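The structure presented is a predicted model; accordingly, all values stated were derived computationally and were not measured. No hydrogens, no waters, no symmetry mates; every other heavy atom, side chains included, goes into these values. The residues of the chain are indexed from 1 along the displayed sequence.
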Amino acid sequence: MTLGTFRIGNGRFCVTAGVGCMTPESERFVVITGGPGSGKSTLIDHLQGMGYPRSVEAGRGVIQDQMAIGGSALPWADPVLFAELMLCWELRSYRMAAGRAAPVFFDRGVPDIVGYLRLEGLPVPDHIHAAAKTFRYHHRVFVAPPWPEIYEQDSERQQSYDQAERTYESMIATYTAYGYELVHLPLAPIAERARFVTGFLR
């Protein structure tokens with residue numbers, strides 16, 4: 001049962017009793033998710049070089065901004081506030097993508113915030129759950145599996161490889177629960193990964 005429609009930018013979105021429903025607009029929004037250090041951002045950088053518009057990963061962006069200003073919305077300081085800022089970031093990315101005609105690649109999506117909170121053993125607020133149900137993406141979500149040979153930590157990625165694996169598992173469970181079809185990326189060179197992804201869009 002469709003409850004209604006509304007507009008985001010130039011796009012249209014509908015809401016059903018249980019979950020947001022796919023529209024031609026939302027089917028252009030392609031999410032690539034997975035654990036940290038699995039090559040997803042590198043892949044999206046490559047796709048951007050091929051001419052595809054993309055979003056910037058919310059978690060890394062929020063961490064960079066908070067560290068620059070001495071803020072406390074950091075995963076190791078205040079994970080709840082960190083999740084709220086990620087939600088704001090993701091919804092802004094969604095609104096910006098609504099005006100694009102071509103497929104837009106998202107470096108994670110709103111459901112990733114749910115997966116993050118669950119991974120941290122924190123409750124998922126109703127409004128974040130509602131956002132994950134309402135703001136929908138392409139029905140196929142690409143997942144980058146753990147890849148120990150390329151995993152590296154840095155000032156913003158402080159998780160251990162074990163935590164990266166658990167993040168991957170949390171995203172699998174979360175996106176599945178929201179009704180998405182998961183497609184695992186091959187452990188392959190970047191150009192091959194890009195061909196694999198774009199092949200699903202034809």
Side-chain angles (χ1 to χ4, degrees), residues 19 29-48 54-64 74-76 79-80 82-87 89-90 93-94 104-124 128-129 131-133 135-201:
V19 69
F29 303 160
V30 183
V31 171
I32 299 178
T33 188
S38 54
K40 61 179 181 51
S41 296
T42 301
L43 171 59
I44 291 177
D45 289 344
H46 186 85
L47 291 164
Q48 182 182 28
R54 52 83 58 88
S55 76
V56 175
E57 183 184 4
R60 185 171 285 265
V62 170
I63 290 171
Q64 289 173 344
L74 296 163
W76 51 86
V80 173
F82 176 61
E84 292 291 350
L85 292 193
M86 285 198 294
L87 176 62
W89 187 294
E90 292 293 4
S93 295
Y94 199 101
V104 180
F105 286 97
F106 282 76
D107 195 338
R108 302 194 182 280
V110 174
D112 280 78
I113 303 167
V114 176
Y116 165 73
L117 289 169
R118 289 176 174 166
L119 182 66
E120 294 296 313
L122 296 168
V124 179
I128 293 182
H129 180 53
K133 291 194 299 181
F135 293 88
R136 302 289 291 180
Y137 303 87
H138 193 285
H139 69 281
R140 286 195 181 104
V141 169
F142 294 93
V143 184
W147 194 349
E149 288 77 14
I150 68 170
Y151 183 78
E152 293 181 351
Q153 293 175 305
D154 56 34
S155 61
E156 294 141 19
R157 181 190 299 138
Q158 299 187 6
Q159 302 100 320
S160 66
Y161 183 72
D162 177 67
Q163 289 173 310
E165 287 187 311
R166 289 191 291 110
T167 300
Y168 160 79
E169 292 166 359
S170 181
M171 298 313 159
I172 291 288
T174 300
Y175 275 93
T176 299
Y178 284 113
Y180 290 96
E181 174 188 341
L182 302 181
V183 179
H184 285 75
L185 295 174
L187 302 183
I190 191 65
E192 184 176 336
R193 274 189 156 184
R195 286 193 297 271
F196 178 84
V197 169
T198 56
F200 277 89
L201 304 179

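- Considering only heavy atoms from C-beta on, Val197 comes within 4.5 Å of Leu185 through its side chain.
- Note that the CE atom of Met171 and the CZ atom of Arg166 stand 11.5 Å from one another [nearest 0.5 Å].
- Note: Phe29 and Tyr94 have perpendicular aromatic rings, judged against thresholds of 30 and 60 degrees for the angle between ring planes.
- Distance alone, capped at 3.5 Å, is enough to place a donor-acceptor pair between the Ser93 side chain and the Trp89 backbone.
- A side-chain donor-acceptor contact under 3.5 Å links Arg108 to the backbone of Gly34.
- Note that the CZ atom of Arg140 and the CG atom of Leu201 stand 9.0 Å from one another [nearest 0.5 Å].
- Rounded to the nearest 0.5 angstrom, Lys133 NZ and His129 NE2 are separated by 4.0 Å.
- Annotation: side chain of His46 is not in contact with side chain of Arg193 (no heavy-atom distance under 4.5 Å).
- Atom-to-atom distance recorded for Ile32:CD1 and Leu43:CG is 4.0 Å, nearest 0.5 angstrom.
- For the pairing with Val31, the side-chain contact (heavy atoms from CB on, under 4.5 Å) check across Phe105, Tyr180, Tyr137 returns one residue only, Tyr137.
- With contacts defined as side-chain heavy-atom distances shorter than 4.5 Å, the pair Thr167/Tyr116 does not qualify.
- Looking only at side-chain heavy atoms (C-beta outward), Asp107 and Val56 stay at 4.5 Å or farther from each other.
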>> As a quick check of understanding, evaluate side-chain contact (heavy atoms from CB on, under 4.5 Å) for Val114 and Ile128, giving each step before the final call.
In response: CA-CA 7 Å; Val114 176; Ile128 293 182; 3.9 Å; yes
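- Looking at Thr33 and Leu182, their side chains never come closer than 4.5 Å, going by heavy atoms from C-beta outward.
- Aromatic pair His184/Phe196: ring centres not closer than 6.0 Å.
- Expressed to the nearest 0.5 Å, how far CG of Leu117 lies from CE of Met86 amounts to 7.0 Å.
- Note that CD1 of Ile190 and CZ of Arg195 are 10.5 Å apart. Values are rounded to the nearest 0.5 Å.
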